[in-house]
2 protein chains.
Amino acid sequence: MIRVLLADDEHLIRGAMAALLALEDDLTVSAQAATGAETLAMARALQPDVAIIDLQLPDLDGVAVAEAIHRDVPSCRTMIVTSHGLPGHLRRALASGVRGFLPKTAAAEVLATVVRIVAKGGRYVDPQLAAEAISAGDSPLTTRESQVLELAASGAAVEEIARQAALSPGTVRNYLSAAAIKLGATNRHEAVRTAQSRGWI
Amino acid sequence: MIRVLLADDEHLIRGAMAALLALEDDLTVSAQAATGAETLAMARALQPDVAIIDLQLPDLDGVAVAEAIHRDVPSCRTMIVTSHGLPGHLRRALASGVRGFLPKTAAAEVLATVVRIVAKGGRYVDPQLAAEAISAGDSPLTTRESQVLELAASGAAVEEIARQAALSPGTVRNYLSAAAIKLGATNRHEAVRTAQSRGWI
DNA sequence: GAAAACCGATGACGTTTGTCATGTGACCCG
DNA sequence: CGGGTCACATGACAAACGTCATCGGTTTTC
């Protein structure tokens, strides 16, 4: 029997997925969590075989939770499910040892299959997403460009960004300009949207 | 037996919700749809008792689908489920005759209950969301302010917005300025974010 | 029928951006 | 050790933006 930990902040969805998994004879949902901290605590306490983690959790990023689980509960394999299938997220997830990556647009039937594959130590990535991730390539932005662009994502003015990043306003504008050029955008806001759509910030 | 039509573009979620509803003896999921057009076609063909519609569908807005169903299949009651519980959406939905409104953060147990209430002709709105909708109030933006702000949401420049809205650039700036003031924002981008967070655009 | 909104436009103003040239210092790699 | 990349900064200029005053026309409302 494969023991599953289910983490998703949307209660309705979490319950629905539990119902879906309950249909399988060889799987059992032994715990559910709504936040990253809760997920981690339950993984430690119950040592499940597989943790299914939503990428968007209120406190922590799903990938960060997975990383923490790998560190604290090495026997527990992890897989990510997400609404927004962004190449950047997939890249980050795989780099941190996540074994399964499934967009919520995937067929309902595959969920149990992927859980079994992951439980056995295998890997599964949604084929379409994998293709996108390969064709999208890696982020062309430097560390600082990413950071500044991330701060710009909230719509803050240059001065505000400069304060938060402890940089001079002129430097901030340079970084934003460089990022926009690399992303083929005509201004910072377009650049923010592009970077977000590829999961680079 | 209450016959349910389930519409959600995320296959995994749709399947999971179907599994959840299948646990109830008095409910049956008679059809599933992934797009607005599909939903409408199935509602016409099968005349279900209740349609559960996700707010975000690839082609049409969930509320628009509900409206079309009310027109074409008056016997079918509708309810909306959504990831983002925005007051503006709730307002729009209720105005167009939707009888149930549930954020996906609601408890899984209530789903079947709400379906039964709606099937009987009753209404159900998530209490927390209702409170937010009341306290948030209605949009202070005029038609044109909303429209221009919506175009600005994509990060387009004033000239681009002016072209798309068939307005002069100066007029666009006036509307954006007025909208920003009404929303207490210091620039258009902050205004866009504020308006989006309240479901006003 | 007047007042109050809203729509659309223009011109002017100061501020904020985007862009470019240029410089310094740190670090890594061949 | 030298070249390349990155981080950070400054100064300068043109373009875009935010704001305000003001105008005329329509619709809604009291």
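Quick note: numbers below take in every heavy atom, side chains included, and nothing from hydrogens, waters or symmetry partners.
- As rounded to whole Å, 11 Å separates atom P of D:dT19 from atom CG of B:N174.
- The CG-C1' distance, from A:L176 to D:dC8, rounds to 14 Å in whole Å.
- None of B:H89, B:R123, B:R91, B:M79 except one satisfies the side-chain contact (heavy atoms from CB on, under 4.5 Å) rule with B:F101; the exception is B:H89.
- Not one side-chain nitrogen or oxygen of A:T171 sits closer than 4.0 Å to the OP1 or OP2 atom of D:dC8.
- Side chain A:N187 to base C:dT19: no donor-acceptor pair is found below 3.5 Å.
- Going from atom CZ of A:R173 over to atom P of D:dA15 covers 16 Å, rounded to whole Å.
- Atom CZ of A:R188 is separated from atom C1' of D:dA16 by 11 Å (rounded to the nearest Å).
- Among the atoms of the strands shown, only primed sugar atoms or phosphate atoms (P, OP1, OP2) are found under 4.0 Å from some heavy atom of B:A157.
- Taking 4.0 Å as the cut-off between side-chain N and carboxylate O, B:E160 and B:R163 count as a salt-bridged pair.
- Checked by atom type and distance alone, the side chain of A:D8 never pairs as donor or acceptor with a backbone atom of A:I13 at under 3.5 Å.
- Between B:R144 and the phosphate of C:dG8, there is a side-chain N or O to OP1/OP2 separation shorter than 4.0 Å.
- Distances shorter than 4.0 Å separate some side-chain N or O of B:S168 from OP1 or OP2 on C:dT10.
- Rounded to whole Å, the distance from CG on B:L141 to P on C:dA5 is 16 Å.
- Where A:I181 and A:A156 meet DNA chain C, the nucleotide closest to each residue was compared, and A:A156 sits on the side nearer the 5' end.
- One interatomic measurement links the two molecules: CG of B:L167 to P of C:dC6, which rounds to 16 Å at whole-angstrom precision.
- Counting only heavy atoms from C-beta on, B:T142 has its side chain closest to C:dC6 among C:dC6, C:dG8, D:dC8.
- Using a 4.0 Å cut-off between charged side-chain N and carboxylate O, B:R14 and B:D54 make no salt bridge.
- Note: CD (A:E159) to P (C:dG18) measures 14 Å, nearest angstrom.
- Between B:S177 and the phosphate of D:dT19, there is a side-chain N or O to OP1/OP2 separation shorter than 4.0 Å.
- With 3.5 Å as the limit, one finds a donor-acceptor pair spanning the side chains of B:T78 and B:H70.
- B:E160 places its CD atom 11 Å from the P atom of D:dC17, with the value rounded to the nearest Å.
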